[in-house]
Amino acid sequence: LSNPAKTVWLDDWSRNLFGIYSIPVDKLVPLWKRYVQCASDCPEILKKWQKTYEKLTATASGKLVKDITLQTPDGADVQLSSLFGKLLYIDVWATWCVPCCAEIPYLDELVGRFKDNDQVAFLSFSIDKTADPWLEKIRSDQPAWPQYHLSPEQKTQFCNDWDIRTIPRFIMIAPDGTICDAHAPRPSKPNIADYIEECIGKYKK
């Protein structure tokens with residue numbers, strides 16, 4: 001295609017590539033490499049979408065995790081970095097999210113299965129606008145794994161850092177504070193326990 005038709009096509013394709021649904025980085029990188037080749041004679045389009053690409057690839061495996069402040073149910077502040085040291089399987093959810101709540105029983109089963117394994121920890125981060133519905137939910141459910149809440153400001157930062165556009169979202173952080181998997185499988189997925197075992201083996205000392 002020649003300009004301007006090619007420019008319009010590339011712009012539309014970019015909107016699809018960087019659309020509502022997050023694309024795992026391992027699939028995004030080769031797509032973008034090919035895109036750069038196709039758009040080599042359209043520098044204005046490349047410049048327009050380069051920042052979006054860089055933002056998304058900031059969650060590639062091996063990248064350092066950005067620290068953030070979490071709130072415990074009793075109101076104390078905890079730094080995410082203070083929880084490093086073991087594999088962290090993080091559930092990003094909200095009480096109003098039906099699919100999120102549907103994953104809780106499966107997550108509970110996973111926690112029970114790995115309760116004697118000190119190399120992995122399960123955490124839930126609520127992004128409810130206020131803490132009240134979150135506190136009511138955990139008082140009712142009595143989950144056996146640590147629960148944290150993100151304030152509206154921290155929620156915005158966290159979701160931007162991880163490019164979270166829909167929930168539930170599951171994240172795996174390596175013991176050294178680097179990203180293992182920014183799009184970890186849901187607890188309800190088949191073979192999720194095998195996946196966690198593989199991640200444990202990858203970082204086992």
Measuring from atom [atom1] of [X] to atom [atom2] of [Y], what distance do you get when rounded to the nearest 0.5 angstrom?
X	Y	atom1	atom2	result
H149	L135	NE2	CG	8.0 Å
Q147	K137	CD	NZ	10.5 Å
I200	I196	CD1	CD1	7.0 Å
L70	Q79	CG	CD	7.5 Å
F158	K66	CZ	NZ	12.0 Å
C199	I173	SG	CD1	12.0 Å

Parallel, tilted or perpendicular, as decided by the 30° and 60° cut-offs, for the rings of F170 and Y89:
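The rings of Y89 and F170 lie parallel, inter-plane angle below 30°.
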Name the orientation class of the two ring planes belonging to F125 and Y148 (parallel below 30°, tilted from 30 to 60°, perpendicular beyond 60°). perpendicular
[X] vs [Y] side-chain heavy atoms within contact, under 4.5 Å:
X	Y	answer
L87	M172	yes
C159	K155	yes
T52	W49	yes
Q50	W32	yes
P175	F84	no
K86	V120	no
T178	S61	no
P30	R34	no

Q. Passes salt bridge (Lys or Arg N to Asp or Glu O under 4.0 Å), K48 versus D11? Steps please.
A. CA-CA 9 Å; K48 177 179 179 180; D11 203 30; 3.0 Å; yes
Q: List the steps, then state whether side chain to side chain contact (heavy atoms under 4.5 Å, CB included) holds for W134 with Q71.
A: CA-CA 11 Å; W134 166 66; Q71 286 76 48; 5.6 Å; no
Closest approach of [X] and [Y], non-hydrogen atoms and distance?
X	Y	value
A193	F114	O-CZ, 3.7 Å
D163	R169	O-NH1, 3.3 Å
L107	S124	CD2-OG, 3.8 Å
T69	L150	O-CD2, 3.8 Å
L88	L80	CD1-CD1, 4.5 Å
A39	L10	CB-CD1, 3.6 Å

Checklist entry - Could K6 and D41 be called an ion pair, given the rule that one side-chain N must be under 4.0 Å from one carboxylate O? => result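 Looking at K6 and D41, the cut-off is met.
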Strictly distance-based, threshold 3.5 Å: is any side-chain N or O of [X] a donor or acceptor partner for the main-chain N or O of [Y]?
X	Y	result
S82	V78	no
S151	Q154	yes
Q142	R139	yes

(Q) side chain to side chain contact (heavy atoms under 4.5 Å, CB included) for S14 and Y35? Distances and angles first, verdict last. (A) CA-CA 9 Å; S14 298; Y35 182 87; 2.5 Å; yes
ask   = Between Y106 and V92, is there a shared hydrophobic cluster once you connect ILVMFWY residues whose side-chain heavy atoms come closer than 4.5 Å?
value = no
State, without any angle test, whether [X] and [Y] hold a side-chain donor-acceptor pair at a distance under 3.5 Å.
X	Y	result
W93	S126	no
D181	Y195	yes
E153	Q157	no
D91	W145	no

message: What verdict does the side chain to side chain contact (heavy atoms under 4.5 Å, CB included) test give for Y53 and L28, after you've listed the backbone C-alpha separation in whole Å, the side-chain angles of each residue and the deciding distance to 0.1 Å?
response: CA-CA 8 Å; Y53 172 76; L28 179 61; 4.1 Å; yes
So for atom CD, which belongs to E136, do other residues, nucleotides or ligands contribute more than 12 heavy atoms lying within a distance under 6.0 Å?
no
More than 12 heavy atoms from other groups under 6.0 Å of NZ on K189
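Atom NZ in K189 is not crowded, with 12 or fewer foreign heavy atoms closer than 6.0 Å.
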